Protein chains: 2
Amino acid sequence: MASDTKRRILDAAEQLIGDKGFPSTSMRDITKAANVNLASVNYHFGSKEALLAAVLARRLQPINERRLQLLDEIETQADDRGATLYDIVRAFLSPPFEQQTQWGYNETFLRLLGRIHSETNEEFRQVFMSEFELVFQRFAVALQRPLPHLTNSNLPWRMLFMVGSMAFTMSWGQSMMLREDSSATPDDVLNELIAFACAGLAAPVHQEISHPQQLQETQ
Amino acid sequence: MASDTKRRILDAAEQLIGDKGFPSTSMRDITKAANVNLASVNYHFGSKEALLAAVLARRLQPINERRLQLLDEIETQADDRGATLYDIVRAFLSPPFEQQTQWGYNETFLRLLGRIHSETNEEFRQVFMSEFELVFQRFAVALQRPLPHLTNSNLPWRMLFMVGSMAFTMSWGQSMMLREDSSATPDDVLNELIAFACAGLAAPVHQEISHPQQLQETQ
DNA sequence: GTCTATATGCGGATAGAC
DNA sequence: GTCTATCCGCATATAGAC
């Protein structure tokens with residue numbers, strides 16, 4: 001069946017790319033794991049890069065939509081009191097982990113997500129970023145309210161830190177599990193992550209010494 | 001000159017791998033950029049993988065030594081009062097940025113570092129982690145003191161979050177600069193990062209509801 | 001839609017002259 | 001130590017039979 005082939009390719013690609021990374025995963029690997037013919041990838045997707053785009057779109061779009069949906073919900077509920085920092089952060093961080101728990105702790109997807117954030121080349125980052133842009137902007141606006149002491153010169157950076165701790169955790173969480181005795185579930189980790197991010201975002205602003213001098217060096 | 005060739009290869013490899021990633025960077029790319037012969041990489045380093053190891057070692061060892069040195073210093077100074085959270089976090093986060101500023105804001109190295117943390121395959125992670133292990137352990141012990149409310153089940157995770165925000169920032173910081181009006185220097189970013197990490201590490205522990213129920217959803 | 005066979009090029013590595 | 005020439009395998013992609 002045709003659509004079955006497409007799905008099997010997407011699943012296998014997601015798995016393998018999450019495992020080994022995009023450049024190190026060959027179409028031979030993918031088609032073998034999916035138990036389909038080598039040529040079918042090009043037939044169904046056009047190219048290896050287009051396959052990657054399809055793999056990402058299948059997961060990222062629902063996640064970003066879910067983020068916006070959750071944000072809408074809490075903002076509606078909160079009325080003009082404004083949503084709490086905790087709720088906003090949770091709305092941002094939980095969707096990737098939600099998808100996760102639906103599958104019974106298949107960590108591959110989290111690692112793929114982690115890789116997406118950091119592995120791709122510069123052009124691809126632009127594409128990814130442009131899709132992410134809307135989400136980023138809306139959460140920036142939402143966060144501004146419970147964090148009035150932050151400005152345009154530090155709120156975006158702190159959001160970047162939050163995304164970084166999330167992405168890194170998705171990518172390394174599995175290795176981490178093995179090192180610790182750790183019976184932590186992804187849900188436990190998510191809760192820790194939310195606590196960490198809330199506190200980090202709300203941290204007092206470091207006293208600006210307004211650039212005493214470019215810390216320079218000869219050579 | 002021989003040693004000059006080695007250095008040129010290391011420099012070019014660092015640059016290109018930071019740019020495009022390890023698997024996507026060919027030895028032909030490297031030797032062309034370094035203006036040396038293709039065969040010289042194998043002559044001097046043995047293999048492409050060994051070259052990567054050399055590239056990393058050249059930078060990581062000084063950074064990790066510097067981290068431990070700074071930790072020693074602040075612990076000596078602080079006596080039995082114990083070092084402050086801020087000083088410990090700073091000792092951990094600043095060395096990569098220090099190396100950086102010595103070179104006059106060549107972001108390549110920071111991006112390479114970011115990639116190391118996220119791009120490599122599982123075997124390589126093990127190697128990297130084993131070198132990092134000592135540093136991680138010593139800082140975990142040091143952090144335990146100003147953070148007595150944390151335990152073995154959450155301190156390591158929070159340290160992972162800290163490393164994640166750092167790695168991600170190193171990897172994406174450059175793109176970030178471009179997006180914002182941002183006249184932020186790496187030093188500004190470092191200060192923001194330290195503030196974020198301190199607060200995140202010190203965050204109150206989320207009330208353990210001992211797994212009320214998997215946050216569920218129907219599809 | 002699926003498959004085989006193949007085109008075409010790039011990858012890491014090395015033999016051997018200088 | 002450096003270079004050329006080359007081995008050899010794997011990569012993506014596609015032509016064309018079924």
Side-chain angles (χ1 to χ4, degrees), chain A residues 1-58 112 115-116 119-125 127-128, chain B residues 1-58 112 115-116 119-125 127-128:
Chain A
M1 201 187 306
S3 62
D4 191 55
T5 296
K6 278 187 86 162
R7 193 185 50 71
R8 299 234 308 266
I9 292 171
L10 286 170
D11 288 344
E14 183 174 286
Q15 176 90 22
L16 288 167
I17 294 170
D19 254 25
K20 311 194 297 177
F22 179 67
S24 308
T25 301
S26 71
M27 302 181 71
R28 285 177 170 81
D29 291 339
I30 294 168
T31 51
K32 194 165 132 191
N35 206 25
V36 299
N37 189 270
L38 171 61
S40 61
V41 170
N42 281 292
Y43 176 79
H44 285 289
F45 297 95
S47 71
K48 190 192 177 190
E49 287 232 331
L51 169 60
L52 176 60
V55 168
L56 299 188
R58 184 172 67 148
L112 172 64
R115 283 187 183 278
I116 293 165
E119 184 192 356
T120 53
N121 56 27
E122 198 61 33
E123 316 129 50
F124 202 88
R125 288 188 182 202
V127 178
F128 174 67
Chain B
M1 199 187 306
S3 62
D4 191 56
T5 297
K6 277 187 86 162
R7 193 185 49 71
R8 300 236 306 268
I9 292 172
L10 286 171
D11 289 345
E14 184 174 287
Q15 176 90 23
L16 287 167
I17 294 170
D19 255 24
K20 311 194 299 176
F22 180 68
S24 309
T25 301
S26 71
M27 301 182 71
R28 285 175 171 82
D29 291 338
I30 294 168
T31 51
K32 193 165 133 193
N35 207 25
V36 299
N37 190 269
L38 170 61
S40 60
V41 171
N42 280 292
Y43 177 79
H44 284 290
F45 297 95
S47 72
K48 190 191 177 191
E49 287 232 329
L51 169 60
L52 175 60
V55 167
L56 299 187
R58 182 172 70 148
L112 173 64
R115 282 189 183 278
I116 293 166
E119 185 191 354
T120 53
N121 55 29
E122 197 61 34
E123 315 129 49
F124 203 88
R125 288 188 182 202
V127 177
F128 176 68

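Labels below follow one simple rule: chain letters A, B, ... track the order of the sequence lines, proteins then strands, and each chain is numbered from 1. Because the structure is a prediction, the values reported are computed rather than measured. What's counted below: heavy atoms across the whole structure, side chains too, no hydrogens, waters or symmetry copies.
- When rounded to the nearest whole Å, the span between NZ of A/Lys6 and C1' of C/dT2 equals 16 Å.
- Using a 4.0 Å heavy-atom distance criterion, B/Ser40 is classed as making no nucleic acid contact.
- Put simply, A/Ser26 has a side-chain N or O that comes within less than 4.0 Å of OP1 or OP2 on D/dA11.
- B/Asp11 has its side chain within reach of B/Arg58: a pair of non-hydrogen atoms, C-beta onward, lies under 4.5 Å apart.
- Side-chain atoms of A/Lys48 come within 3.5 Å of backbone atoms of A/Phe22 as a donor-acceptor pair (strictly under, hydrogens ignored).
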Assign a letter to each nucleotide of nucleotides 13-18 of chain D from its 5' end: B, base within under 4.0 Å of a protein heavy atom; S, sugar-phosphate only; -, no contact. BB----
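- For the pair A/Leu51 CG and D/dA11 P, the interatomic distance rounds to 15 Å; values are reported in whole Å.
- Proximity of a side-chain donor or acceptor of A/Ser40 to a complementary backbone N or O of A/Tyr43 within less than 3.5 Å is not detected.
- In this structure, A/Lys20 atom NZ and D/dC10 atom P are separated by 12 Å, rounded to whole Å.
- The CD1-P distance, from B/Ile9 to D/dT2, rounds to 8 Å in whole Å.
- Pairing each heavy atom of A/Asp29 with each of A/Ser24, the nearest pair is OD2-O, 4.0 Å.
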For B/Leu10 and B/Leu51, what are the C-alpha separation, side-chain angles and deciding distance, and is it a side chain to side chain contact (heavy atoms under 4.5 Å, CB included)? CA-CA 8 Å; B/Leu10 286 171; B/Leu51 169 60; 4.0 Å; yes
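- The shortest distance between the side-chain N/O atoms of B/Thr5 and the OP1/OP2 oxygens of D/dT2 is below 4.0 Å.
- Using a 4.0 Å cutoff on non-hydrogen atoms, the parts of residues 29-37 of chain B near DNA chain D are B/Asn37, ordered by number.
- Across all non-hydrogen atoms, the minimal contact from B/Glu14 to B/Leu112 is CG-CD2, 3.5 Å.
- Scanning both residues, B/Leu38 and B/Thr31, for their nearest heavy atoms gives CA-CG2, 3.6 Å.
- A heavy-atom distance below 4.5 Å is found between the side chains of B/Asp4 and B/Arg7.
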